[in-house]
Amino acid sequence: MKQQLAQIALVVRDYDEAIEFYTKKLHFDLIEDTPMSESKRWVVVAPAGSDGCRLLLAKAVTGEQKSRVGNQTGGRVFLFLYTDNFDRDYQNLLEHNITIVRRPSVEPYGTVAVFEDLYGNLWDMIEPEKK
């Protein structure tokens, strides 16, 4: 049996502002933006060059969904972005005024920093330790 995570739904306030953040600031690729109805779209982004898990940007509609925007995990780091060049990508975060929650540190598993996305979700950016 072979399985893999294909997509993770990320609740967002607005499709276009989320696309703008992920494609312009984090340099993700816009994989799909398909209208499903007058108010619903199927929007998928992924890190540039990635063939792994993608993010489905899901617009919050109900009050309960709206209350989860930016805090899907109760304040814990939610997503983990691996990079092949920590310095390049960390500099990109700084150049785009992305909030750094924890400055870079070298850990046994690699170099890591924590940043916030446009809604306040916490991300670990990691360059794994080379073996």
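The first residue in the sequence is number 1, and the count goes up from there.
- Side-chain atoms of Asp117 come within 3.5 Å of backbone atoms of Tyr119 as a donor-acceptor pair (strictly under, hydrogens ignored).
- Distance OH/Tyr15 to CG/Asp33: 9.0 Å, rounded to 0.5 Å.
- A donor-acceptor pair is defined here as one N or O able to donate and one able to accept, closer than 3.5 Å; such a pair exists between the side chain of Gln72 and the backbone of Val11.
- Checked by atom type and distance alone, the side chain of Asn92 never pairs as donor or acceptor with a backbone atom of Leu26 at under 3.5 Å.
- Going from atom NZ of Lys130 over to atom CG of Asp84 covers 7.5 Å, rounded to the nearest 0.5 Å.
- Looking only at side-chain heavy atoms (C-beta outward), Val114 and Val77 come within less than 4.5 Å of each other.
- Within a 6.0 Å sphere centred on CD of Glu64, other residues, nucleotides and ligands contribute 12 heavy atoms or fewer.
- Residues Met125 and Phe115 approach most closely at CB-CE2, 4.0 Å, considering heavy atoms.
- Note: the hydrophobic cluster containing Phe80 also contains Tyr109 (ILVMFWY, side chain heavy atoms under 4.5 Å, direct or indirect links).
- Heavy-atom neighbours of Phe78 CZ from other residues, nucleotides or ligands within 6.0 Å: above the threshold of 12.
- Contact annotation: the side chain of Thr34 never approaches that of Val44 to less than 4.5 Å [non-hydrogen atoms, C-beta and beyond].
- The two residues His96 and Lys24 come nearest to each other via the heavy atoms NE2-O, 3.5 Å.
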### Message
One pair to check against side chain to side chain contact (heavy atoms under 4.5 Å, CB included): Leu93 and Ile100. What are the steps and the verdict?
### Response
CA-CA 8 Å; Leu93 297 177; Ile100 306 300; 4.0 Å; yes
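- Closest non-hydrogen pair, Pro47 versus Cys53, comes out as CD-O, 4.4 Å.
- Atom-to-atom distance recorded for Glu20:CD and Thr23:OG1 is 6.0 Å, nearest 0.5 angstrom.
- Side-chain N or O atoms of Asp14 include one that pairs as donor or acceptor with a backbone N or O of Asp16 at under 3.5 Å.
- To the nearest 0.5 Å, atom CD1 of residue Ile31 and atom CZ of residue Arg54 are 4.5 Å apart.
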### Task
Show your reasoning for whether side chain to side chain contact (heavy atoms under 4.5 Å, CB included) applies to Thr83 and Tyr90.
CA-CA 10 Å; Thr83 177; Tyr90 185 73; over 6 Å; no
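- Two residues are said to be in side-chain contact when any heavy atoms from C-beta on lie closer than 4.5 Å; Glu127 and Arg88 fail this criterion.
- Residues Tyr22 and Leu10 meet the side-chain proximity criterion, which asks for heavy atoms closer than 4.5 Å.
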### Task
Take Leu81 and Phe28 through the side chain to side chain contact (heavy atoms under 4.5 Å, CB included) test and state the conclusion after the steps.
CA-CA 11 Å; Leu81 179 64; Phe28 281 25; 4.2 Å; yes
Side-chain donor-acceptor pairs of residues 101-108 under 3.5 Å, sequence neighbours excluded:
unit_1	atom_1	unit_2	atom_2	d
Ser105	OG	Glu107	OE2	2.8

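- Residues Val12 and Val43 have side chains not in contact (no heavy-atom distance under 4.5 Å, counting atoms from C-beta outward).
- The line from NZ of Lys66 to NZ of Lys59 is 8.0 Å long, rounded to the nearest 0.5 Å.
- Within the 4.5 Å cutoff, the side chain of Phe21 has no heavy atoms near those of the Leu57 side chain.
- In this structure, the side chains of Arg41 and Ile19 come closer than 4.5 Å at one or more pairs of heavy atoms.
- The cluster map of Ile, Leu, Val, Met, Phe, Trp and Tyr, joined by side-chain heavy atoms under 4.5 Å apart, puts Ile8 and Leu122 in different clusters.
- Heavy-atom minimum distance, Val69 versus Ala60: CG2-CB, 3.8 Å.
- In this structure, Leu79 is a member of the same hydrophobic cluster as Ile98, with clusters built from ILVMFWY side-chain heavy atoms closer than 4.5 Å.
- Grouping the Ile, Leu, Val, Met, Phe, Trp and Tyr side chains by contacts below 4.5 angstrom, directly or via other members, places Leu118 with Leu94.
- Atom CH2 of Trp42 and atom CD of Gln7 lie 5.5 Å apart (nearest 0.5 Å).
- The neighbour count for Asp51 CG, taken as heavy atoms of other residues, nucleotides or ligands under 6.0 Å away, does not exceed 12.
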